[in-house]
Every structure is written in C-alpha cells, then in structure tokens.
Amino acid sequence: MYDIDVWEAKHHHKQYNLKPNRDNCCILDERFGEYCPTTCGVSDYLSRYQSDVDTELQYLEGLLGRITNDTSETTVIVEDIRLIGTKPATSPQVIENPTQKSRNMLDDISRYEQTVVQNEQSIQYLQDLLTSNTEKIALLKQRIGNLEVQCQQPCKESVQIQEITGKDCQDVANKGARVSGLYYIKPVKAKQQFLVYCEIDSSGLGWTVIQRRLDGSVDFNKNWNQYKEGFGYLSPTDTTEFWLGNEKTHLLSTQSTIPYVLRIEVEDWTGQTSTADYATFRLGAEKDNYRLTYAYFIGGEAGDAFDGFDFGDDPSDKFFTSHNGMQFSTYDKDNDKFEGNCAEQDGSGWWMNRCHAGHLNGKYYQGGTYSEADSQPAGYDNGIIWVTWRTRWYSMKKTSMKIIPFNRYGTDGGQQFVSKGSKVGSEGRGDI
C-alpha cells in the first residue's frame, strides 16, 4: 500500500505566481490552455500540484504493473492447487525419507520370510505325499505279484456249480442230476450257455427257475435292457432274488415242439403257500416285445390271476386286467393298453394290460398289507400281488416263477386253498 506521509515528505509544493496576460488570462501550461480572469486562482492551485500529480501517476502505473504480475502468478498457483485436488497423485521426484525407506525394507523382508515359510510347508506336504504314494505303489506291486502267482495256478470256483449241463433243467435231471443248485444250460438256439438255478427233486423233475422274490433285497424297477438280460443274484442255495432275463426265457420256452408249463408259487406273511399252473407257456421274441402266451390255466389254489379279475366296479375290469397275449412293458418302453404307463406307475416291468391282476415284480412291502398312501405318489396297487389269492392291497412275502416241459409236468399235493379278495376299480385302470 502506498504511504502518503512518506510521499509528502519526499516532495515539496511549488508555488506558481501567475499574472494575467493582456487578455486578463493566466497560462499555466500549454497543455491546459488559458485560464480566463475567473479561473486564474484555479490555475494557480492546479499548477501548484502538477509535478506531484505526474510523479504520483507514474508511481501508480508501476504499482499497477506489479499488481498485475502478482495476480498472474497467484492465478497460476491457484490453478495448480485445484489440479492437485482433482488429478491422481503422482510420485514426486523427491528423495525418500531414510526412516520410511528402512520401514519399507523391513516390511519386504517380513513378506519374503512368510513366503519362504509357506513354500517350506508346501514342500514338506509334497514330500509326505510322495512318500505315501511310493508306499502305496510298493503295496500294489506286492499285490500284483501275489495275483500273478495265483493266476499261474488253476482257477477255483468260489461258488459251487454242478458239472452236468443240458438244454434246460429237466434235461440236466434226465442226465442224472438229483441236487438242486446252479447249472449251465444251453437252449437249442442259444449262442452260448448261461447259468440258471435248477430245482430238482428226488423223482427227477427239473424246474428251471426264471424269477425269485424272497426279501426285497433286489430292486425290480429296472429298464428294458436289464429285464432283457436279467438282473439280481444266483446262489447255489436259492437264497437270493433275481430275474433270469426275458431273452433267456424266450430261448428256453420256444426251443422245442414240446411245450412248457409255467408254475407260479406264492407265499404270504403267515407262511401259507399256493400255486397256479399254466399250460403251453411261451415268451415271444424281442421283436414282439416278449409277448406272454399260454393255452389254458391248469389249476392251483392260488387261482387264475392271469385271466384277469372282476374288481366289481366295471364289467370291463376282468378284460382289462388279463395278461394272456400281453407284451412286456418297462418304464422306458411302454407296451401296455393303458393311456399312461403302467410299468412306470407301478415301479416294475411286467406283462401289463390296463394294468394287472397279477404282478409278481412289484414293490416289496414288509408285512404284506399296504395302502394307497403307502404307494404314493401314484397311489396304485404296486405291490407283489396275486388278486385271486390275496387282495390287491396285500403284497406277497415270497414268489417264484419256474418252467418245466409239459411231458414231465407233475402236480404237488398238500396245497391249501385260501379265498381270494377283491377291490373295486377307478380312474381308467382295470385294476383300480
């Protein structure tokens, strides 16, 4: 700021004594022109300060230049400050503080030490794994060596299989076999022999068993190929569940001009047993979907469930639950007469109509009696049933299906007749 007192101390006032000219006018300076009589006093006053005013103006001009320069520099500084707040921070090219630099070096060393420790642990784990795998490989080599030694010796069957063979179990019995068990048979048109369980009595009757239910240990909800090839387990003591296979049964039942008899055996949960026998049993080829046919019902106290059953709801019940002439169905290959899929609803493969009166491949229910609530989600009679002997809501404990040539067929005595039960039908199924 300009100090007026200093300025006044440096400058002194000049006195101008102007006298009017002949026109009675005062001339201070040619720049200001003439001052007529009434303005001579003003002229004196102005001329008194002219020099000071000129000096002051020059000073102000210089001060204004300095202020302008300072303003420009200030503007640049403010702009830099603003940019510092908006731009990403950049590493200043300054010398790092020695203390901070030391701290950073210590942090780096600590991280390196942790990395080394972790790598040492990983190396130790890999070494332990290598040692473990080496031991396992050595053990496997030892076992391979033992197996190689065993394979150099003649193989021994862990399951006893009888030596006599034939085209069916009756043929085996005709050749002298008198012990029930596992035998290899080869029907006339079979490409290779296969294993079956033969039920042979002391009189020389040989039944070939094609189905066995005992305890529910095998799930019978299988697909088409599994029913074709067979599933379950064969045992020399007849203590396992199995389905011999539709293809094998087809080769057996169609190999001779002598027809076969099919026997159904059922046992309830009180230990009572019964049978149902069918003459001229045949199972068609796969191209005919293993169609079931027989000539007539021979007899048996279990009753003729294959002929259908009148559940009392509709006159067509018996027709739509008969099985003679029906093709085999599974959940993945539906050949029944029902709008839906009986095999899928009932959970097993069978010669379904719409749907059944006899169903020996059904779900195994402990205790026998079951209900619609037990058979959810479908709610149908999906147990192991034979409705001409027990109701459709009673599931058998044991069943078997076996065949024998008709000319060797004999009846067994001592069967006890148990009255059959019934249940009304609904919902388009002949058995519901």
Side-chain angles (χ1 to χ4, degrees), residues 209-233 240-250 262 264-268 276 283 286 289-292 302 305-306 308-309 320-324 326-372 374-402 423 429-432:
V209 183
I210 63 175
Q211 188 256 30
R212 178 75 75 191
R213 304 296 300 274
L214 293 170
D215 52 15
S217 58
V218 174
D219 183 6
F220 273 62
N221 189 16
K222 305 294 185 181
N223 61 33
W224 180 265
N225 285 334
Q226 289 171 308
Y227 269 102
K228 173 185 175 180
E229 300 297 336
F231 56 86
Y233 308 94
T240 53
E241 296 188 329
F242 65 90
W243 179 262
L244 183 61
N246 289 337
E247 185 64 24
K248 298 181 182 73
T249 303
H250 160 67
L262 169 67
I264 303 293
E265 290 184 337
V266 290
E267 179 179 332
D268 65 14
L283 208 61
E286 184 178 16
N289 296 315
Y290 299 118
R291 188 186 301 273
L292 166 70
F306 270 168
F309 189 78
F320 283 122
T321 57
S322 63
H323 297 273
N324 196 5
M326 295 298 107
Q327 295 178 326
F328 201 84
S329 289
T330 57
Y331 66 78
D332 61 337
K333 193 167 184 179
D334 183 13
N335 298 310
D336 60 38
K337 306 299 181 182
F338 183 46
E339 293 177 357
N341 186 330
C342 294
E344 182 178 16
Q345 291 179 354
D346 292 341
S348 69
W350 193 248
W351 298 278
M352 300 290 189
N353 187 341
R354 188 180 173 153
C355 285
H356 53 68
H359 182 210
L360 302 185
N361 288 346
K363 183 177 179 180
Y364 197 90
Y365 285 99
Q366 293 286 341
T369 302
Y370 69 105
S371 65
E372 290 185 26
D374 298 323
S375 61
Q376 294 299 323
Y380 296 122
D381 51 341
N382 63 349
I384 304 172
I385 66 173
W386 197 259
V387 297
T388 53
W389 193 52
R390 295 289 185 268
T391 71
R392 65 192 180 101
W393 297 113
Y394 188 93
S395 185
M396 303 300 168
K397 182 179 182 180
K398 298 180 181 179
T399 70
S400 69
M401 300 174 66
K402 53 190 180 182
K423 197 75 174 179
R429 281 180 50 143
D431 59 342
I432 299 300

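One is the number of the first residue; the rest follow in order along the sequence.
- Side-chain atoms of Ser395 do not come within 3.5 Å of backbone N or O of Tyr364 as any donor-acceptor pair.
- Although no hydrogens or angles enter the test, the distance criterion places no donor-acceptor pair under 3.5 Å between the side chain of His356 and the main chain of His323.
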Residue pair Tyr331, Asn223: steps toward the side-chain contact (heavy atoms from CB on, under 4.5 Å) verdict: CA-CA 6 Å; Tyr331 66 78; Asn223 61 33; 3.5 Å; yes
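- Taking all atoms of both residues into account, the shortest heavy-atom contact from Tyr394 to Ile385 is O-CG2, 3.6 Å.
- Asn341 contributes a side-chain N or O that, together with a main-chain N or O of Ala343, makes up a donor-acceptor pair within less than 3.5 Å.
- Separating the CD atom in Gln226 from the CZ atom in Phe220 is a distance of 11.5 Å, to the nearest 0.5 Å.
- One N or O on the side chain of Glu241 and one on the backbone of Leu214 form a donor-acceptor pair closer than 3.5 Å.
- Phe338 places a side-chain heavy atom less than 4.5 Å from the side chain of Gln345.
- Applying the salt bridge (Lys or Arg N to Asp or Glu O under 4.0 Å) rule to Lys228 yields the partners Glu286; only residues at least two apart in sequence or on another chain are considered.
- Distance alone, capped at 3.5 Å, is enough to place a donor-acceptor pair between the Ser329 side chain and the Asn335 backbone.
- Using bins of under 30°, 30° to 60° and over 60° for the plane-to-plane angle, the ring pair Trp350/Phe306 lands in the tilted bin.
- Judged by distance alone, the side chain of Arg213 and the main-chain N or O of Leu360 form a donor-acceptor pair under 3.5 Å.
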Working for ring pair (Phe, Tyr, Trp, His ring centres under 6.0 Å), residues Tyr290 and Phe328: CA-CA 6 Å; Tyr290 299 118; Phe328 201 84; 7.4 Å; no
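- Of all heavy-atom pairs between Glu267 and Met396, the closest is O-CB, 3.7 Å.
- A distance of 9.0 Å separates NZ of Lys398 from CZ of Arg212, quoted to the nearest 0.5 Å.
- No donor-acceptor contact under 3.5 angstrom links the side chains of Asn324 and Ser322, judged on distance only.
- The minimum heavy-atom distance linking Phe309 with Thr321 is given by the pair N-OG1, 2.9 Å.
- By the side-chain hydrogen bond (donor to acceptor under 3.5 Å, both in side chains) test, Tyr227 pairs with no residue at all, sequence neighbours left out.
- In this structure, Met401 and Ile264 approach most closely via the heavy-atom pair CG-CD1, 3.7 Å.
- Checking side-chain atoms of Asp381 against main-chain N and O of Gly383 turns up no donor-acceptor pair under 3.5 Å.
- Asn361 places a side-chain N or O within 3.5 Å of a backbone atom of Gly349 that can act as its donor or acceptor partner.
- When the options Thr249, Leu262, Ile210 are evaluated for a side chain to side chain contact (heavy atoms under 4.5 Å, CB included) with Leu283, the one that passes is Thr249.
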Audit row: Glu344, Asp334, side-chain contact (heavy atoms from CB on, under 4.5 Å) steps and yes/no: CA-CA 8 Å; Glu344 182 178 16; Asp334 183 13; over 6 Å; no
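- If you take CZ on Arg390 and CG on Asp268, they are separated by 4.5 Å, rounding to the nearest 0.5 Å.
- At least one donor-acceptor pair closer than 3.5 Å links the side chain of Ser375 to the backbone N or O of Tyr380.
- In terms of heavy atoms, Cys342 sits closest to Asn353 at SG-O, 4.3 Å.
- Across all their heavy atoms, Gln327 and Arg291 have their closest contact at NE2-NH2, 2.9 Å.
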